[in-house]
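A short write-up of the structure that comes next.
Order of appearance sets the numbers: ligands from 1, and atoms from 1 within every ligand.
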Amino acid sequence: MSGGSQPIDGVSTDEAYWHHGIPKIWTWLWVASLVLNSSSAWAVEFYASWCGHCKRFAPTWRALAADVLEWRPAVILGAVNCADESNKEVCRDFRITRYPTLKATAGVLHPVLGSSIQKGLVTWRECSCLCYNPSCCLAFPYSTEEVRGFFQKNKVAYLALIFEKNNSFVGREVTLDMQQYTNIAVRRVLSNEEELVKEYNVTTFPSAYLLVNNGSFSRISVQEEARSSYTSFLRGLSGINDKTLILRAQNITTPPPSRVPGAEHPTETTHWKHADNSKLYMADLESALHHSLRVETAKFSILEGEQLEALKHYVAVLTKYFPGRPFVKNFLHSLDNWLKQVKEPNVSQRALEKPPNPAVLTNDVTWVGCQGSEPRYRGYSCSIWTLFHLLTVQASWHSAQNAEVLGAMRGYVHYFFGCETCSEHFEEMAAESMDQVKSLDEAILWLWSRHNRVNARLAGNIAGIEDPKFPKMQWPPPDMCPSCHKEINGQHAWDEAAVLHFLKGHYSPVNIYFAYTKPETFLLARESRDVEETTGAKGKGNGIVGMEDKERREEEEGGEQKRTEQVDPVVGRKMVAQKWQALKAAALAAKKKQHLSKRDTAPLLMTDDNSRQAVDYAAAQEHLRRRGLKSKEIIGVLEEEEDDGVRKSEWFHVLGLHYSHLDIGLYFLSSMCLLGMYTFYIRLGSSKGRPRFSMA
Ligand SMILES: Cc1cc2nc3c(=O)[nH]c(=O)nc-3n(C[C@H](O)[C@H](O)[C@H](O)COP(=O)(O)OP(=O)(O)OC[C@H]3O[C@@H](n4cnc5c(N)ncnc54)[C@H](O)[C@@H]3O)c2cc1C
């Protein structure tokens, strides 16, 4: 893979990737083998797709890639998206904790703008030449002897000499510009190489001379003594060979694998999800938890000191105030307990990664309310704001300490939030006034007003980081909360009491919608399968709770495709309507054939496709299995269904309540009670008229 302004054939083109044409690096193995073992010098930008500053920096990196396109294979530019979970290990191993970070095979390049990066690249190229491959060091200054013996040693038609001062980069840049051309060599000669300076009668620096292998030479006459002028003059010489011949001969245009199999991790699809901006979505909140706890913290192989304390504080606040689904709350509780019991001064990432058993949390991201019009917009940063607003409001209903949530947010943003400039800005605001927050309501308003300050700073689409569909505004806008806005002396003013009231309603658990969330059974199934895949521990739980061994074997023998169908959210999404019908049909058939009772199939059959009610598919499926329905007859429907914007999640939405499979279990229990009572009363009825007690 190589850098440049043009898309490279065969490289997977990701819509989310705005560094168009710069190689996207997928996996640690690949990076390690390509970057570290390469005789080329690599410069890689590590970024996060949600990070505004990375978006702002992207044009510079892109322009640089275009500019140094001709420096391949000596210098190659790449980019790695650290927000992509499949790159988690790469980013950790390269010790990337903030975005954007530029790293080169010989050190870190500081993300400074413009030509200084280029100069940095040139200097670094020289250093890496020394470290890795001395024979490639064409950019070192030439001595008088080297120039004199040049044509004896090298079978080329031309030698271009760039005379320049030591601190000039022109000679080195032209050398790199021309290094893919055959039949010509470019060398820099320093102004203190007196003999040569005299011999060629050099009076200005820089200036360039062309030596021909027949012994003639002339000054290169250009309008401006600059890199671009020299390069275009030299490229116009007759007999200069086309670079693509060399590239082909060296086979360096071969693209890298677009994705290493197994590196994929289910992430969001580009499929548009219906969302209402007056609602909160649990999918966003759970995705924020997952990303903050498993991706942002995963950048550090060891957590210790204040950073570890910040994590503990964050998790403790989440555990207290996150209004999650029961199994998510369990997850947080387990993590919190585990962290509290840590006696060592540090915690390794590996230890942290072990999921607290048996609790489970989604292990991918699904943006709904935080979805951007393109994958490069919004997402994580939106969700973390949403999460913290929700927590400040939740804390106000409990007897929390005033700045407990704000403190957790401050610590989290300071130590873990990858966007460096965001973190610095937030810290400035916190240092300025967070300690003046005197009540829980003030904490809600403090966060609201600081968020609005950030919105104001970013408004107006600075450097294209604003999602055009979600322009930055002072929030809540009048259409969301008319009473929040008032006028004092013709000037807009906020009615803070109304704002507080609005925020408490907006960031309240009853305003959280569960569309696009995955049920616990689905997550457990996926998690245990992941464990199985990584440990190779086949047969040790396939995630289908309570499944008989025989059936599990059948399932495994059923082949990969079936398993994929059951769990792959993308495939599932496409096929779900069909599957749903098939599952119903299978249940009906089974009911007839196998004499399953109505009770057994009830949860499935009572569900109306067009209603807003939805059944816990996985629970129903599991239930049918237990009732003897063969696995082959049950088509896995673990994914939500979407039909004209009406969603049926695996959780019931009935009167605003969410029913899990536990609820369905209770439903069966109550059905049985009813049945029992019914039988009892029938018996009672049939015994009417008969004396209850023997007559005396
Ligand atoms: C702590 C922090 C600091 C950041 N600093 C920077 C920075 O310095 N530079 C930069 O480029 N990006 C920064 N970002 C990212 C930026 O603020 C946005 O998150 C990002 O641009 C995505 O914007 P968005 O349109 O999704 O809405 P966001 O601003 O992320 O808001 C998310 C949701 O919160 C709600 N909301 C909006 N405003 C408010 C409010 N005032 N009160 C309550 N709820 C509100 C809305 O429903 C909105 O959809 C920061 C993010 C965080 C978490």
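Disulfide status for Cys370 with Cys382: present, SG atoms under 2.5 Å apart.
When hydrogens are left out, the protein atom nearest atom 20 (C) of ligand 1 is Ser381 OG, 3.3 Å; that is the closest non-hydrogen contact. Taking atom 32 (C) of ligand 1 as the reference point, the nearest protein heavy-atom neighbour is Cys382 SG, 3.4 Å. Nearest protein neighbour of atom 4 (C) of ligand 1, counting heavy atoms only, is Cys422 CB, 3.3 Å. The nearest protein atom to atom 46 (C) of ligand 1, hydrogens excluded, is given as Trp475 NE1, 3.5 Å; this is a heavy-atom distance. Considering only non-hydrogen protein atoms, atom 35 (C) of ligand 1 sits nearest to Tyr507 OH, 3.4 Å. The protein heavy-atom contact nearest to atom 38 (N) of ligand 1 is Asn455 ND2, 3.0 Å. Of the protein's heavy atoms, His53 NE2, 3.2 Å lies nearest to atom 9 (N) of ligand 1.
A donor-acceptor contact closer than 3.5 angstrom is absent between the side chains of Ser383 and Arg378.
For the residues Tyr377, Tyr380, Trp385, the heavy atom positioned nearest atom 30 (O) of ligand 1 is part of Trp385. When the heavy-atom distances from atom 28 (P) of ligand 1 to His451, Arg378, Arg457 are ranked, the shortest goes to His451.
Of all the heavy atoms of Leu458, the ones lying under 4.0 Å from any atom of ligand 1 belong exclusively to the side chain. When non-hydrogen atoms are compared, ligand 1 lies under 4.0 Å from the side chain of Val454 (C-beta onward) but not from its backbone.
Relative to the ring axis of Trp397, Lys504 places its NZ or CZ within 45° and under 6.0 Å from the centre. A cation-pi arrangement is found for Lys469 relative to Trp272, the charged atom lying closer than 6.0 Å to the ring centre and inside a 45° cone about the ring normal.
Between the side chain of His274 and the backbone N or O of Val368 there is no donor-acceptor pair closer than 3.5 Å.
Counting atoms of ligand 1 from 1 in the listed order, those under 4.0 Å from a heavy atom of Phe426 are 1 (C). Under a 4.0 Å criterion applied to the non-hydrogen atoms of His425, ligand 1 contributes the atoms 7 (C), 8 (O).
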> Going through the checks in order, is the salt bridge (Lys or Arg N to Asp or Glu O under 4.0 Å) test met by Glu496 and Lys486?
Replying inline: CA-CA 10 Å; Glu496 291 203 348; Lys486 60 183 182 186; over 6 Å; no
Requested in this report: In sequence, state the C-alpha distance, the side-chain angles, and the governing distance for Ser433 and Arg450, and then conclude on side-chain hydrogen bond (donor to acceptor under 3.5 Å, both in side chains).
Outcome: CA-CA 10 Å; Ser433 57; Arg450 291 335 182 257; 2.7 Å; yes
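On a distance-only criterion, Lys472 and ligand 1 share at least one N/O pair closer than 3.5 Å. Residue His506 places no N or O, backbone or side chain, under 3.5 Å from any N or O of ligand 1.
Under the 4.0 angstrom criterion for non-hydrogen atoms, Ile384 is in contact with ligand 1. Remark: distances from the non-hydrogen atoms of Phe388 to ligand 1 are all 4.0 Å or more.
Ion pairing of Arg325 with Glu286 is present here, as a side-chain N (NZ or NE/NH1/NH2) and a carboxylate O approach within less than 4.0 Å. Between Lys320 and Glu404, at least one side-chain N (NZ, or NE/NH1/NH2) sits under 4.0 Å from a carboxylate O, which counts as a salt bridge.
Atoms CG and OH, from Leu387 and Tyr507 in turn, are 10.5 Å apart once rounded to the nearest 0.5 Å.
Ring-plane geometry between Phe417 and Tyr412 is classed as tilted, the angle between the planes lying from 30 to 60 degrees on a 0 to 90 degree scale.
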